Amino acid sequence: MNDARIQATQYIDTLRGYQKIIEYTLYPPYIEKRKFERAHNYPIYFVKYPTDIVPTGGRYEYNQAEKGLLDRDTDYFVIDSLTYDRFYIDSICATTPLECDFFKRLVAGEVENFRLIASFTYELPPFLPKVNVYSVNPDILIFERVR
């Protein structure tokens, strides 16, 4: 009841999945992949050390930001706060500038190709003291492509 991913899972179950493509970041809610034409992790790679390089040659190109979503014809994009909060760290933005710019604009509602359709936030049970718990359960934002 208090984990945002549970509520997000229930919401995603109501989405029309037939002939639709959904992508999600690193800590997603449960997504029944068979419901969608294609469902997969958003191809992002965080550089871990100075000589680290972004892998190539896979099924999808990494770190393509909005262009990648548009090229893959993604209909729904599910992001979590544990992933997008990384883009407020200068060292992450220095190594993944396209993704950093895209996620900041997306969360701020400044991306014309995707609109926020649902937002789910973790809340502690009412019998616990009100404290911020950033590393336990992520907030979930669900975007739909504007066509």
Side-chain angles (χ1 to χ4, degrees), residues 1-124 132-147:
M1 173 172 98
N2 302 96
D3 186 336
R5 288 174 289 191
I6 294 170
Q7 295 167 334
T9 294
Q10 293 167 346
Y11 180 82
I12 291 168
D13 284 344
T14 69
L15 295 176
R16 184 177 152 255
Y18 179 71
Q19 295 185 332
K20 297 290 183 175
I21 298 164
I22 189 167
E23 292 189 33
Y24 42 88
T25 53
L26 303 173
Y27 303 93
Y30 174 75
I31 296 171
E32 187 165 341
K33 296 177 183 180
R34 293 178 298 161
K35 177 180 178 175
F36 296 91
E37 179 179 321
R38 191 172 75 240
H40 62 86
N41 283 337
Y42 175 74
I44 189 166
Y45 184 83
F46 290 99
V47 175
K48 295 167 185 60
Y49 48 88
T51 58
D52 191 11
I53 58 170
V54 176
T56 58
R59 184 173 178 177
Y60 303 111
E61 283 188 63
Y62 288 98
N63 300 353
Q64 297 297 301
E66 183 177 9
K67 179 187 179 306
L69 289 169
L70 297 175
D71 289 350
R72 292 184 299 275
D73 203 24
T74 301
D75 296 293
Y76 300 109
F77 187 36
V78 181
I79 67 173
D80 64 86
S81 59
L82 296 178
T83 300
Y84 69 72
D85 281 349
R86 294 180 189 192
F87 296 112
Y88 296 95
I89 301 170
D90 291 339
S91 61
I92 298 288
C93 285
T95 58
T96 54
L98 284 177
E99 296 292 350
C100 186
D101 175 64
F102 171 61
F103 273 84
K104 284 181 177 179
R105 290 185 309 106
L106 184 67
V107 171
E110 298 170 356
V111 174
E112 293 180 11
N113 292 307
F114 288 89
R115 68 180 175 91
L116 181 67
I117 58 171
S119 175
F120 302 93
T121 302
Y122 174 78
E123 294 179 17
L124 288 169
N132 289 330
V133 184
Y134 294 110
S135 62
V136 176
N137 294 310
D139 294 344
I140 303 294
L141 303 177
I142 303 173
F143 294 87
E144 180 177 40
R145 184 163 176 190
V146 176
R147 297 196 186 261

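When a residue number appears, it is its place in the shown sequence, counting from 1. All values reported here derive from a predicted model rather than from experimental measurement.
For the atom pair CG of Leu141 and CG of Leu116, the computed distance is 5.5 Å after rounding to the nearest 0.5 Å. Between the CZ atom in Phe143 and the CG atom in Leu106 there is a gap of 3.5 Å [rounded to 0.5 Å]. Annotation: the span from Thr83 atom OG1 to Leu26 atom CG amounts to 3.5 Å, rounded to 0.5 Å. The structure places OG of Ser81 at 9.0 Å from CG of Asn137, a figure rounded to the nearest 0.5 Å. Here CD1 of Ile92 is found 5.0 Å from OG1 of Thr95. Values are rounded to the nearest 0.5 Å. Here the OG1 atom belonging to Thr25 is positioned 8.0 Å from the CD1 atom belonging to Ile44, to the nearest 0.5 angstrom.
Qualifying side chain to side chain donor-acceptor pair (under 3.5 Å) partners for Thr9, counting only residues two or more places apart in sequence or in other chains: none. In this structure Glu32 satisfies the side chain to side chain donor-acceptor pair (under 3.5 Å) test together with Arg34, sequence neighbours excluded. The salt bridge (charged side-chain N to carboxylate O under 4.0 Å, His left out) search around Lys67 returns Asp71, not counting sequence neighbours. Checked against ring pair (Phe, Tyr, Trp, His ring centres under 6.0 Å), Tyr24 has no partners two or more places apart in sequence or in another chain. Partners of Tyr27 under the ring pair (Phe, Tyr, Trp, His ring centres under 6.0 Å) rule, at least two apart in sequence or in another chain, do not exist in this structure. Partners of Asp80 according to the salt bridge (charged side-chain N to carboxylate O under 4.0 Å, His left out) rule, which considers only residues two or more places apart in sequence or in another chain, do not exist here. Judged as a side chain to side chain donor-acceptor pair (under 3.5 Å), and not counting sequence neighbours, the contacts of Glu144 are Arg115. Partners of Phe120 according to the ring pair (Phe, Tyr, Trp, His ring centres under 6.0 Å) rule, which considers only residues two or more places apart in sequence or in another chain, are Tyr11. Shown here are the side chain to side chain donor-acceptor pair (under 3.5 Å) partners of Tyr60, two or more places apart in sequence or in another chain: Arg38.
The two residues Gln7 and Thr121 come nearest to each other via the heavy atoms OE1-O, 4.4 Å.
With 3.5 Å as the limit, one finds no donor-acceptor pair spanning the side chains of Asp139 and Tyr84.
Screening residues 22-60 for disulfide bond (SG atoms under 2.5 Å apart) gives no qualifying pairs among residues at least two apart or on separate chains. Pairs engaging residues 4-28 under the salt bridge (Lys or Arg N to Asp or Glu O under 4.0 Å) rule: Asp3-Arg5, Glu23-Arg72 [sequence neighbours left out]. Screening residues 90-103 for salt bridge (Lys or Arg N to Asp or Glu O under 4.0 Å), with sequence neighbours left out, gives Asp101-Arg105.
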Check step by step if side chain to side chain contact (heavy atoms under 4.5 Å, CB included) holds for Ile6 and Tyr30.
-> CA-CA 8 Å; Ile6 294 170; Tyr30 174 75; over 6 Å; no
Audit row: Tyr62, Tyr42, ring-ring contact (aromatic ring centres under 6.0 Å, His included) steps and yes/no | CA-CA 8 Å; Tyr62 288 98; Tyr42 175 74; 9.5 Å; no
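Judged by a 6.0 Å distance limit and a 45° cone about the ring axis, Arg145 is not positioned over the six-membered ring of Phe77.
The aromatic ring centroids of Phe103 and Tyr88 lie 6.0 Å or more from each other.
No donor-acceptor distance shorter than 3.5 angstrom exists from the side chain of Lys33 to the backbone of Ile31, with no hydrogens or angles considered.
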